Amino acid sequence: MTNDQLIALLQSQNLLAPEAITKLKREASLSGRTVEDIIHDGRLVDDDQLAQLKASYLKIPYQKINIETLTPEVIALVPEEVVRSYGIVPLEKRDGTIIAGMTNPDETKAQEALKFIARRERLNLGVYVISYGDWQQALRKYSPYKSSVAAAVKSL
């Protein structure tokens, strides 16, 4: 979803005042950041509400992530670099299908990465829209592995 599409969607739903929209456009053009990043950092719109809005627009279901259900087996399906680069989180593996959450499910490179992983694992693919905040929480599940590796290297 482009910055302009997201801004138009926010305007149509009256989620931001016209002055806030103008400021948002200006900040995005000057900083080179995405509108969604600016919205998240400034807490201008609730993450879940924004994700639901995107899901409705893209006609892809929205899923709230329950961090407790992200098991090490599921996390291992998608490498951390892919998760960080493309805003993808593996949610579960069920009945020969990998269910993944994406912050930007319409991004072509993210789709290709996820399809490659599904083919490699010989799994079907299911996709949900997730919020930016949920994605960041899920990233923390990958962090313990970093500290374990660092501790192992240090002990050597």
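Since the structure is predicted, the reported quantities are computational estimates derived from the model, not experimental observations. Values below: every heavy atom of this structure, side chains too, minus hydrogens, waters and symmetry copies.
Heavy atoms only, all atoms of each residue included: P61 and A55 are closest at C-CB, 4.2 Å. Closest approach of P79 to I117, counting heavy atoms only: CD-CD1, 4.0 Å.
Taken together through direct or relayed side-chain contacts under 4.5 Å among Ile, Leu, Val, Met, Phe, Trp and Tyr, I130 and M102 form part of one hydrophobic cluster. Under a hydrophobic-cluster definition in which Ile, Leu, Val, Met, Phe, Trp and Tyr are linked whenever side-chain heavy atoms come within less than 4.5 Å, directly or via other members, Y62 and L15 are assigned to different clusters. Hydrophobic cluster membership is shared by I67 and Y128, with clusters built from Ile, Leu, Val, Met, Phe, Trp and Tyr side chains linked at under 4.5 angstrom. Hydrophobic clustering places V45 together with V129 (ILVMFWY residues linked when any side-chain heavy atoms are closer than 4.5 Å, directly or through intermediates).
In this structure a side-chain-to-backbone donor-acceptor pair under 3.5 Å is present from K54 to T103. In this structure, the side chain of D46 engages the main chain of D48 through a donor-acceptor pair within 3.5 Å. Between the S31 side chain and the E27 main chain, a donor and an acceptor come within less than 3.5 Å of each other. A donor-acceptor pair is defined here as one N or O able to donate and one able to accept, closer than 3.5 Å; no such pair exists between the side chain of W135 and the backbone of G101. A distance-only check finds a donor-acceptor pair linking the side chain of D47 to the backbone of G133 [under 3.5 Å]. With E121 contributing its side chain and A118 its backbone, the two residues share no donor-acceptor pair below 3.5 Å. Remark: side-chain polar atoms of S85 are not paired, donor with acceptor, to backbone N or O of V82 under 3.5 angstrom.
A donor-acceptor pair shorter than 3.5 Å cannot be found between the side chains of N3 and K25. Between the side chains of Y86 and N104, not a single donor N or O lies within less than 3.5 Å of an accepting N or O. Checking T69 against N66 by side-chain atom types alone, no donor-acceptor pair falls below 3.5 Å.
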Q63 vs L91, side chain to side chain contact (heavy atoms under 4.5 Å, CB included): CA-CA, chis, key distance, verdict: CA-CA 10 Å; Q63 176 73 43; L91 301 176; 4.0 Å; yes
Would you check, one step at a time, whether the test side chain to side chain contact (heavy atoms under 4.5 Å, CB included) holds for L53 with L10? CA-CA 9 Å; L53 195 60; L10 291 168; 4.2 Å; yes
For V127 and L114, what are the C-alpha separation, side-chain angles and deciding distance, and is it a side chain to side chain contact (heavy atoms under 4.5 Å, CB included)? CA-CA 9 Å; V127 173; L114 203 48; 4.1 Å; yes
Could you walk me through whether I99 and K93 pass the side chain to side chain contact (heavy atoms under 4.5 Å, CB included) check? CA-CA 6 Å; I99 310 294; K93 181 179 173 183; over 6 Å; no
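Between L9 and M1 there is a side-chain heavy-atom pair separated by less than 4.5 Å. Put simply, the side chain of V35 reaches to within 4.5 Å of the side chain of L6, judged on heavy atoms.
Between the CG atom of L125 and the CD1 atom of I98 there is a distance of 7.0 Å, given to the nearest 0.5 Å. Atom CG in D95 sits 10.0 Å away from atom CG in N124 (nearest 0.5 Å). Summarising the geometry, atom CD belonging to Q11 is positioned 9.5 Å from atom CG belonging to L24; distances are rounded to the nearest 0.5 Å. Considering CD1 of I39 and CG of L16, their distance stands at 6.0 Å, rounded to 0.5 Å. The line from CZ of R26 to NZ of K23 is 8.5 Å long, rounded to the nearest 0.5 Å. Between L70 atom CG and K141 atom NZ the span is 6.0 Å, to the nearest 0.5 Å.
A salt bridge is defined here as a Lys NZ or Arg NE, NH1 or NH2 lying under 4.0 Å from an Asp or Glu carboxylate O, and K109 with E107 fails to meet this definition. Salt-bridge annotation for E80 and R84: present, with a side-chain N of the basic residue lying under 4.0 Å from a carboxylate O of the acidic one.
A 6.0 Å sphere centred on CZ of R120 holds more than 12 heavy atoms belonging to other residues, nucleotides or ligands.
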